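As structure tokens, the structure follows; a few thoughts come after it.
What you are looking at is a predicted structure, and each value in this text was computed from that prediction instead of being measured.
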Amino acid sequence: MRAVVRRGTALVCEDMADPVPGEGQALVKPLACGICGSDLHVLHTGSAAAFIFGHEYCAEVVDSKRFRPGTRVVAMPFTPGPRGTELIGYSTVFPGGFAERMLLTEELMLEVPNGLEADIAALTEPLAVGAHGVARAQLDKDSVALIIGMGPVGAAVLANLKAQGFGPVIVADFSAARRARAAQMGADIVIDPGQEDPHARWADFGMGGRHDPMAEALGRHAKKRAVIFECVGNPGMLQSIITGAPFGAEILLLGVCLQPDTIVPALAVNKQISIKTAIFYTAEEFARSLHNLAEGVIDGRGLITGHVGLSGVADAFARLAKPDDHMKIMVEPWRD
């Protein structure tokens, strides 16, 4: 098979032997696999290990004991390995979806319903990440959500917030194209942080950064509550949010920062800010994300901005580093 192998900071298209399924595994042919923002981070800041990216996929069954050949499936990107659970797409043992063949755990596979297109079905995984982030947050009818970064993770959070009826939702991103996409997806307020501080809008909802202990003691604190989704993952972003957030805010860290970072805890303490993290999803959240795509609850078409074959993967990574051009590029190994 042909595959795109990550070697150091290079992506190299190579020929290699097809993987052989073990007990409980299926051999599948990837039809579409999204390039994740984490892939971009790991390419330049992760270890030097060689592996095949690709954990957001829809595939066609080639050989399986549970599924008939030709069945289109998605699956959570986990599989048992010699060192315990392996994460497909970052494993040195199991290839990810940037290849002509890969192995999936049959127990985790779901058949794609309603004739859903493969590239849309491949959005199940990133949408599940957003679903889990929203589930981890303590949102209610008085919540005001702010999404920092309208990349694929921010878009997944926005899609899930609107699908569940939450609002108002504010989205902040430097990219004009991504701001336009946020508006199309139902964001109530869209902000260019290069022109306006997103945190200046808290006052519009009766929230401020100064803690008034007397007002809190008497129950006169703001009725609205800020929930901020950090979907960038760059050093300094968390401290910036702590500085701008209003009293009592909740911060959800969904951006994956792979570098050391510094915050001033006293500022978060004085504002009584809660900080949570979220990664991956539950099986139910994954299945619901597939259902939402298949039933049109979430329109995934607007998230996809390009398609490439294996020979175009390296160029696609370079293009995704410029957010004005693309949101989600799908790798389709059969194109080559």
Side-chain angles (χ1 to χ4, degrees), residues 36-46 90 126 128-139 143-158 160-161 166 168-175 178-179 182 187 189-203 205 207-211 222 224-281 320-321 323 327:
C36 177
S38 295
D39 298 341
L40 303 180
H41 282 288
V42 171
L43 178 63
H44 296 290
T45 60
Y90 299 107
V129 171
H132 187 61
V134 171
R136 289 273 291 160
Q138 295 181 331
L139 290 151
S143 298
V144 180
L146 168 61
I147 300 171
I148 304 291
M150 184 59 185
V153 173
V157 170
L158 175 59
N160 279 281
L161 286 171
F166 289 115
V169 180
I170 307 168
V171 174
D173 197 291
F174 287 102
S175 165
R178 290 186 171 184
R179 292 196 303 274
I189 300 172
V190 180
I191 293 174
D192 177 359
Q195 301 295 321
E196 177 187 351
D197 181 359
H199 300 289
R201 293 296 184 104
W202 298 127
F205 300 97
M207 292 180 279
R210 181 177 179 273
H211 176 205
K224 294 288 186 181
R225 180 169 173 274
V227 180
I228 305 170
F229 295 89
E230 193 281 284
C231 302
V232 178
N234 289 340
M237 184 57 67
L238 176 56
Q239 179 58 33
S240 174
I241 293 173
I242 292 172
T243 300
F247 176 79
E250 180 180 47
I251 301 172
L252 268 293
L253 294 182
L254 294 173
V256 181
C257 182
L258 297 177
Q259 303 172 49
D261 203 0
T262 301
I263 65 170
V264 181
L267 186 56
V269 171
N270 288 338
K271 290 185 176 183
Q272 205 160 294
I273 289 174
S274 300
I275 300 175
K276 287 184 178 179
T277 61
I279 192 167
F280 296 122
Y281 29 73
L320 284 167
M327 166 94 59

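Within the 4.5 Å cutoff, the side chain of His132 has no heavy atoms near those of the Phe280 side chain. Pro168 is listed as a side-chain neighbour of Phe205, based on a closest heavy-atom distance under 4.5 Å. Annotation: side chain of Phe229 is not in contact with side chain of Ile148 (no heavy-atom distance under 4.5 Å). With a 4.5 Å cut-off on side-chain heavy atoms, Trp202 and Ile228 count as touching.
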Criterion side chain to side chain contact (heavy atoms under 4.5 Å, CB included) on Asp39 and Tyr90, from CA distance to verdict: CA-CA 9 Å; Asp39 298 341; Tyr90 299 107; 2.5 Å; yes
Working for side chain to side chain contact (heavy atoms under 4.5 Å, CB included), residues Ile241 and Ile273: CA-CA 10 Å; Ile241 293 173; Ile273 289 174; over 6 Å; no
Residues Leu238, Glu230; criterion side chain to side chain contact (heavy atoms under 4.5 Å, CB included); working and verdict: CA-CA 7 Å; Leu238 176 56; Glu230 193 281 284; 5.7 Å; no
Worked check of side chain to side chain contact (heavy atoms under 4.5 Å, CB included) between Ile147 and Leu161: CA-CA 10 Å; Ile147 300 171; Leu161 286 171; 4.0 Å; yes
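Tested against Val227 for a side chain to side chain contact (heavy atoms under 4.5 Å, CB included), the candidates Val144, Leu139, Ile251 yield a single pass: Leu139.
Ile191 approaches Arg179 most closely through the heavy-atom pair O-CD, 3.4 Å. The nearest pair of heavy atoms linking Ile242 to Ile275 is CD1-CD1, 4.1 Å. Of all heavy-atom pairs spanning Leu254 and Gly133, the tightest one is CD2-CA, 4.0 Å. Between Lys224 and Met207, the shortest heavy-atom contact is O-SD, 3.4 Å. Closest non-hydrogen pair, Gly130 versus Asn160, comes out as C-ND2, 3.6 Å. When all heavy atoms are compared, the tightest approach of His199 to Ala245 is ND1-N, 3.8 Å.
Remark: side-chain polar atoms of Gln239 are paired, donor with acceptor, to backbone N or O of Val264 under 3.5 angstrom. In this structure a side-chain-to-backbone donor-acceptor pair under 3.5 Å is present from Lys271 to Thr243. When atom types are taken as modelled, the side chain of Asp173 and the backbone of Met150 share a donor-acceptor pair closer than 3.5 angstrom. Between the side chain of Arg136 and the main chain of Thr277, a donor-acceptor pair closer than 3.5 Å is present. Side-chain atoms of Arg201 never come within 3.5 Å of backbone atoms of Leu146 as a donor-acceptor pair (strictly under, hydrogens ignored). Side chain of Asp261 to main chain of Pro235: no donor-acceptor pair is present (N/O by atom type, distance under 3.5 Å, no hydrogens or angles).
From Cys231, atom SG reaches atom CG of Leu253 across 9.5 Å, with rounding to the nearest 0.5 Å.
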